[in-house]
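Input: a single structure, listed below in structure tokens.
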Amino acid sequence: MVSYQRRQTGSGRVIGDEALDLPARHLRTRAVWYTVAEGLLAEAEIDDDAVPGAVHAAEHAAIGILPLFATCDRWDIGGVSTALHPDTSLTTVFVYDGYPGGAGFAERGFLRGGPWLRATRDVIAACECVAGCPSCVQSPKCGNGNEPLDKPAARRLLDAVLCRLDPS
Ligand SMILES: [Zn+2]
Ligand SMILES: [Zn+2]
């Protein structure tokens, strides 16, 4: 279904979802992604129910911090996270350039993947909020109204991924 959200001016709070009778639009662009194997999810103590909130929160935090690595604005990039993506057959987090053909931001994220993910984890770990806030895992441009988001699970997920990336 194609739809758009109505938001309150100022707060950005979603106040309605309106269906649109239009064909879906396609954006051909470039993306960077990582997958999380089932064993790693188990290691991070993230059960099936918690996976969508964990990857969604990790995706938002990664988008929020990418401007530090790729000199872009968070509005230049988008993300998709899913517990099971048909192209990877795994739990996957994508961050993509929000411009047709790509703009090089995702690629810069790829080239600095380790530091980028570490900074993402640090942002989540350092934020004093309990359940997630705009400084860590909430996004002003989320197409899903910031649902679901599981901040503690996102942190465990990134810890496990980084452990595998840089075992020290
Ligand atoms: Zn926070
Ligand atoms: Zn979102």
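Every number for a ligand or one of its atoms is a count from 1 in the order of the listing. Side chains are part of it too, since the values below use all heavy atoms of this structure and drop only hydrogens, waters and symmetry mates.
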Atoms of protein origin (N, O or S) under 2.8 Å from the Zn ion (ligand 1) =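 Checking every protein N, O and S atom gives Cys127 SG, Cys129 SG, Cys133 SG, Cys136 SG.
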
[Y] backbone acceptor or donor facing [X] side chain under 3.5 Å:
X      : Y      : result
Asp150 : Pro52  : no
Asp97  : Tyr99  : no
Lys151 : Cys133 : no
Gln138 : Gly132 : yes

query = Closer than 2.8 Å to the Zn ion (ligand 2), which protein N, O or S atoms?
reply =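 Metal shell, protein only: His56 NE2, His60 NE2, Cys142 SG.
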
How about [X]: does its [atom1] atom have over 12 heavy atoms from other parts shown lying under 6.0 Å from it?
X      : atom1 : value
Trp116 : CH2   : yes
Asp48  : CG    : no
Phe110 : CZ    : no

message = What I want to find out is whether Glu45 reaches Arg156 closely enough, with some N-O distance under 4.0 Å, to be called a salt bridge.
response =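 Answer for the salt bridge query: no.
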
inquiry  = For Thr35, run the side-chain contact (heavy atoms from CB on, under 4.5 Å) check against Thr91, Thr92, Asp87 and tell me which one passes.
reply    = Thr92

